[in-house]
Amino acid sequence: MRGEGTEKLVPHTMSRMGDVLAGFHAAWEFESDSVLIRYVRGIRTPKLFQALGERRVPLEAIEGVTLTPGKRGTVVLRLEPRPGADPLTEAAAGQLKESSDPYRLVLPAERETLAEYYADELRAQLTESGPAERHLVAAPEPPLQFKAYDGKATFDGTSVAFRWFWTGASSAKWKAGDQRFPVSELSGVEWRSPEVFEGHLRLLRRDTTVPAPAQADQDPAAVVFGLGYGPVHESLPFAAAVLAAVRDCAAVPAISSPAAAAGGVPSARRDPADIAERIRHLGELHQAGLVTDEEFSSKKAELLAEL
């Protein structure tokens, strides 16, 4: 198609830097070794796209390109990433709605010919297929955080921290106390979309001698959320960033340090008002019979030691 508003077609090459194909929610910029996807901000743009901002997808991370009819006079150009090449899609594990697929570009049907041209040009340059040995698409960069139903999750690039909310956390999590997990102690993440079922983010630990509780709301290594807490656009990039850090850590030999040999770096001092609030809530659990005398005394001592 060579009508008004379309780019001039140049056969047999994608070497021209900066060719752009704009869709309803994103624009793809074709480069010699990658596709730069810039997501459009707007009321109708999925929040996940807005949170991602832009993504550079190396051609080696792509194993296929499809062009299919869309809804209401549109066509859909889609990149098919190689399994394991993108931490975001690996963490999502097929749970994203079609409308939130970051590899789809929805175009007006009258641009089908142009889209087909770019699809053919991309296919001609793809040389890799099958599972990738490492992540090829960059994960969202920390620091990241989101509020779940039962706690606040933060990730600084080296460790994940869960701080429980007294209004939502189970007694099991209160007994265990706030948690911090160094990336080096993790083997992966388990993310469940709140749009599919009961959402949660569970950290998978290398030490499997103690089995994790089946229910995420009872597991101190997990936070739970629903549509109003920890939505997809907040919790999924968080999960992807943690997963990428875990993979990077596994690929680099551990370096011992005096702090590590001594049992880790001491945690920072806590706010006295926060400690007092947690002791108060612990007392409520004790009075309700959810915490034994021994558990109450032990946990209270731990909290006071943090002052």
Side-chain angles (χ1 to χ4, degrees), residues 7 9-23 25-40 45-46 48-68 75-96 98 100-107 114-142 144 155 157 183 188-189 191 233 236-252:
E7 292 85 352
L9 304 188
V10 178
H12 311 307
T13 181
M14 290 266 308
S15 61
R16 295 185 306 153
M17 302 289 284
D19 279 11
V20 176
L21 184 60
H25 302 309
W28 290 7
E29 182 174 336
F30 300 95
E31 302 186 347
S32 60
D33 61 351
S34 62
V35 178
L36 177 60
I37 303 177
R38 290 192 173 97
Y39 300 102
V40 177
T45 301
L48 177 60
F49 294 177
Q50 299 187 51
L52 294 174
E54 68 176 42
R55 313 191 80 206
R56 185 178 299 279
V57 185
L59 296 184
E60 63 177 326
I62 307 168
E63 66 177 2
V65 184
T66 61
L67 180 63
T68 58
V75 292
V76 179
L77 184 63
R78 184 180 187 275
L79 303 179
E80 297 180 342
R82 296 169 58 194
D86 181 1
L88 189 84
T89 54
E90 185 178 351
Q95 299 173 76
L96 283 178
E98 185 180 72
S100 295
D101 182 349
Y103 288 99
R104 295 173 78 248
L105 182 66
V106 182
L107 302 153
L114 186 62
E116 186 175 7
Y117 161 73
Y118 280 111
D120 289 341
E121 291 295 301
L122 276 173
R123 293 189 191 105
Q125 296 198 47
L126 301 182
T127 60
E128 304 292 338
S129 62
E133 296 181 355
R134 60 185 177 86
H135 290 148
L136 300 170
V137 182
E141 294 186 1
L144 295 167
F155 178 50
V183 167
V189 299
W191 180 79
H233 72 282
L236 180 56
F238 186 103
V242 175
L243 180 60
V246 170
R247 294 285 189 272
D248 289 344
C249 184
V252 178

Contacts of Leu144 that satisfy side-chain contact (heavy atoms from CB on, under 4.5 Å) - sequence neighbours left out | Pro140, Phe238, Ala241

Does any N or O in the side chain of Gln95 come within less than 3.5 Å of the main-chain N or O of Trp191, such that one atom is a donor and the other an acceptor?
-> yes

Do the non-hydrogen side-chain atoms of Leu77 and Leu21 ever get within less than 4.5 Å of each other?
-> yes

Take His135 and Leu243 through the side-chain contact (heavy atoms from CB on, under 4.5 Å) test and state the conclusion after the steps.
-> CA-CA 10 Å; His135 290 148; Leu243 180 60; 4.2 Å; yes

Looking at Arg123 and Leu67, what are the two nearest heavy atoms and their distance?
-> NH2-N, 4.2 Å

Could you pull out the closest heavy-atom pair between Pro102 and Leu88, with the gap in Å?
-> CG-CD2, 4.0 Å

To the nearest 0.5 Å, tell me how far Leu126 CG sits from Glu60 CD.
-> 11.5 Å

Side-chain heavy atoms of Val76 within contact of Glu98, under 4.5 Å | no

From Thr66 OG1 over to Glu80 CD, what is the distance, rounded to the nearest 0.5 angstrom?
-> 5.0 Å

When you measure from the side chain of Thr45 to the backbone N and O of Val40, does any donor-acceptor pair fall under 3.5 Å?
-> yes

Check whether any side-chain heavy atom of Tyr118 sits under 4.5 Å from a side-chain heavy atom of Val65, and report yes or no.
-> no

How many angstroms lie between atom CZ of Arg38 and atom CZ of Arg56, to the nearest 0.5 angstrom?
-> 7.5 Å

Go through the steps for Arg247 and Glu90 under the test side-chain contact (heavy atoms from CB on, under 4.5 Å), then give the verdict.
-> CA-CA 12 Å; Arg247 294 285 189 272; Glu90 185 178 351; 2.6 Å; yes

Are the side chains of Arg55 and Val137 in touch, meaning some heavy atoms are under 4.5 Å apart?
-> yes

Distance from Tyr103 atom OH to Asp86 atom CG, nearest 0.5 Å?
-> 3.5 Å

Which pair of non-hydrogen atoms, one from Leu59 and one from Gln125, has the smallest distance, and what is that distance?
-> CD1-OE1, 3.8 Å

Minimum heavy-atom separation for Leu107 to Ala22, with atom names?
-> CD2-O, 3.2 Å

Does Arg82 reach the main-chain N or O of Pro131 with its side chain, forming a donor-acceptor pair under 3.5 Å?
-> yes

To the nearest 0.5 Å, what is the distance between CD (Gln50) and NE2 (His233)?
-> 8.5 Å

Would you call Leu52 and Ile37 a side-chain contact if the rule is heavy atoms closer than 4.5 Å?
-> no

What are the two closest non-hydrogen atoms of Pro237 and Leu48, and how far apart are they?
-> CG-CD1, 4.0 Å

When rounded to the nearest 0.5 angstrom, what distance separates CD1 in Ile62 from CG in Leu79?
-> 4.5 Å

What pair of heavy atoms forms the shortest contact from Phe30 to Val35, and how long is it?
-> CD2-CG2, 4.1 Å

Using atom types as modelled and distance alone, determine if a side-chain donor or acceptor of Glu63 lies under 3.5 Å from a backbone N or O of Gly130.
-> yes

